[in-house]
Amino acid sequence: MKTIIKSLIIAGLATATYAKTPASATAENLINAQRVSNINVANISPSDNIWKNAKSVSVIFYPQTTIKLNDAKANATNKDNKAITAQVSAVYNNSAVAFKISWSDPTQSVQSGNVSDVYPDGFAMQMPVSFSDPKKLPYIGMGSEGRLVLVHLTKATSVHYEPNGNGDVEHQISPHNKNAFGADLKNYNDKVNKLGKNAYTRSFISEGFRSMTELKDGSDKFGMKMTYDAKSKRWTGVVAKQLRDGAADLSKYGALPVSFAIWDGDKYNRGGVKSLSTWLAVKLQGKAGGDALVKELTAKPQGDVKAGQAQVEAMCASCHTLSPTKQAASPFMAPNLNNIGGYSTNAYLAESIKDPNAVVVAGYNRNAHKGFAWYNVDAKTGKRTSTMPAMMSDDKSINDAVAYLKTLKAEVAK
Ligand code: HEC
């Protein structure tokens, strides 16, 4: 399980359908959270009354294509992934915020027991641990050095048993590998069912790939649940978190940045093979503050797409792949930008060009891909510096490049 979790942020799709026009006019990246009286954080459910008046908005999720996975089957299955649309609504009160998210998935994938070649459907929510500048949000791939995120994750699993510190490893063994029959096997399965959990729900503090720490001390107060409706073939997930707990204090803000990820088990989605939303602004209705965040996350790029394209193709394509049909650079050179416009903010893109060290994307395992380090590490301070040179400094060029990069994203599935 640990290795699966550790690779969550990594992306995995070699190619995706390329769209020249912005995806959808319905997605504004703004969610209005309605005030409600009572949120049952620990036992949040899609059938709670709190959702009755909550308005949902369409949010588009893009295949994360940052790196190519070392799994031919997963790469092939996800080659032509389109973006998917989910319906998201939000509610809040003085102490908590909750989200409901619903998306179409024709195949319900549930991971059972200790089977490791079946991947479950799942979803995750991330929020910064704190934020002051809406232009400097954490890296969308689960945080970055100095810009931490809190990640809440749940996956569709049948009852399974997990180590609980009591030294009982016996009940983690698959019943198939158990030398037990008849009544013995039944006793064994009964015990697993009694000790087991039927949802894999976790939270992490993350500073980016390979720096995720699972929170096990209960300091983070949250709840999650996902239910599948076989008739409409849709998942509905809910997640609630206290605004102030031992992990973060988000209680002072009038608007919050939030982002979601969706995994499709049937497509071998796991680890970093997933669909990802950009940072969305959640405006807490009736609560003051947060205008700068809302403005930043809903702003349209200002530059000239054509001029930006000419510059980016000339200056950046030796390292970055910009289109699934034109693989210019080696996939190991630098992050694949095929969907960068779908899951990145304008400010992040501008910062990436002007100041590559502000957020350093970790990328591949440096030991496995020695010739392609995306960053160097200062031996004394441990600080990472990007191997990407600062490319542009004038605002016009940067704005144009950002406007072009924002067009790099897969088409939305119908
Ligand atoms: C010498 C190779 C090289 C060149 C040239 C280069 N980059 Fe990069 N770029 C990288 C590497 C390596 C990273 C990952 C490390 C980091 O985050 O800085 C990166 C990261 C990025 C990111 C963040 C990607 C993500 O997934 O979040 C963006 C955006 C980006 N570059 C845009 C550009 C643009 C635009 C240009 C041209 C103006 C450019 N790069 C030129 C190597 C390069």
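In listed order, ligands and their atoms are each counted from 1.
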Q: Would you mind running through ligand 1 and noting each atom that sits below 4.0 Å from a heavy atom of Thr387?
A: 12 (C)

Q: Does Glu207 reach the side chain of Val149, with side-chain heavy atoms less than 4.5 Å apart?
A: no

Q: Please list all pairs passing the side chain to side chain donor-acceptor pair (under 3.5 Å) test where one or both residues lie in residues 39-48, with sequence neighbours left out.
A: Ser45-Ser47

Q: Does the ring of Tyr200 carry Arg202 above it, NZ/CZ under 6.0 angstrom from centre and within 45° of its axis?
A: yes

Q: Taking everything shown except Lys287 itself, do over 12 heavy atoms lie less than 6.0 Å from its NZ?
A: yes

Q: Can you find an N or O of Met315 that's nearer than 3.5 Å to an N or O of ligand 1?
A: no

Q: Can you count the protein N, O or S atoms that lie less than 2.8 Å from atom 8 (Fe) of ligand 1?
A: 2

Q: Give a yes or no answer on whether the side chain of Tyr62 reaches the backbone of Thr278 with a donor-acceptor pair at less than 3.5 Å.
A: no

Q: Counting only heavy atoms not in Asn376, do more than 12 sit closer than 6.0 Å to its CG atom?
A: yes

Q: Which class fits the ring pair Phe332 and Phe372: parallel under 30°, tilted 30 to 60°, perpendicular over 60°?
A: tilted

Q: Of the side chain and backbone of Tyr348, name the one, both, or neither that has a heavy atom under 4.0 Å from an atom of ligand 1.
A: side chain

Q: Donor-acceptor pairs under 3.5 Å, side chain of residues 237-247 to any protein atom, not counting sequence neighbours: which ones?
A:
| unit_1 | atom_1 | unit_2 | atom_2 | d |
| --- | --- | --- | --- | --- |
| Asp245 | OD1 | Ala247 | N | 2.8 |
| Asp245 | OD1 | Ala248 | N | 3.0 |
| Asp245 | OD2 | Lys221 | N | 3.0 |

Q: Counting each atom of ligand 1 from 1 as listed, which ones have a heavy atom of Tyr139 under 4.0 Å away?
A: 27 (O)

Q: Report the part of Ile140 (side chain from C-beta onward, or backbone N, CA, C, O) that has a heavy atom under 4.0 Å from ligand 1; answer both or neither where that applies.
A: neither

Q: For Arg147, enumerate each residue passing the salt bridge (charged side-chain N to carboxylate O under 4.0 Å, His left out) test, keeping only those at least two apart in sequence or located in another chain.
A: Glu351

Q: Can you name the atoms of ligand 1, numbered from 1 with element, that are less than 4.0 Å from a heavy atom of Ile340?
A: 24 (C), 25 (C), 26 (O), 27 (O)

Q: Just which atoms of ligand 1 are under 4.0 Å from any heavy atom in Val361?
A: 15 (C), 16 (C), 17 (O), 25 (C), 27 (O)

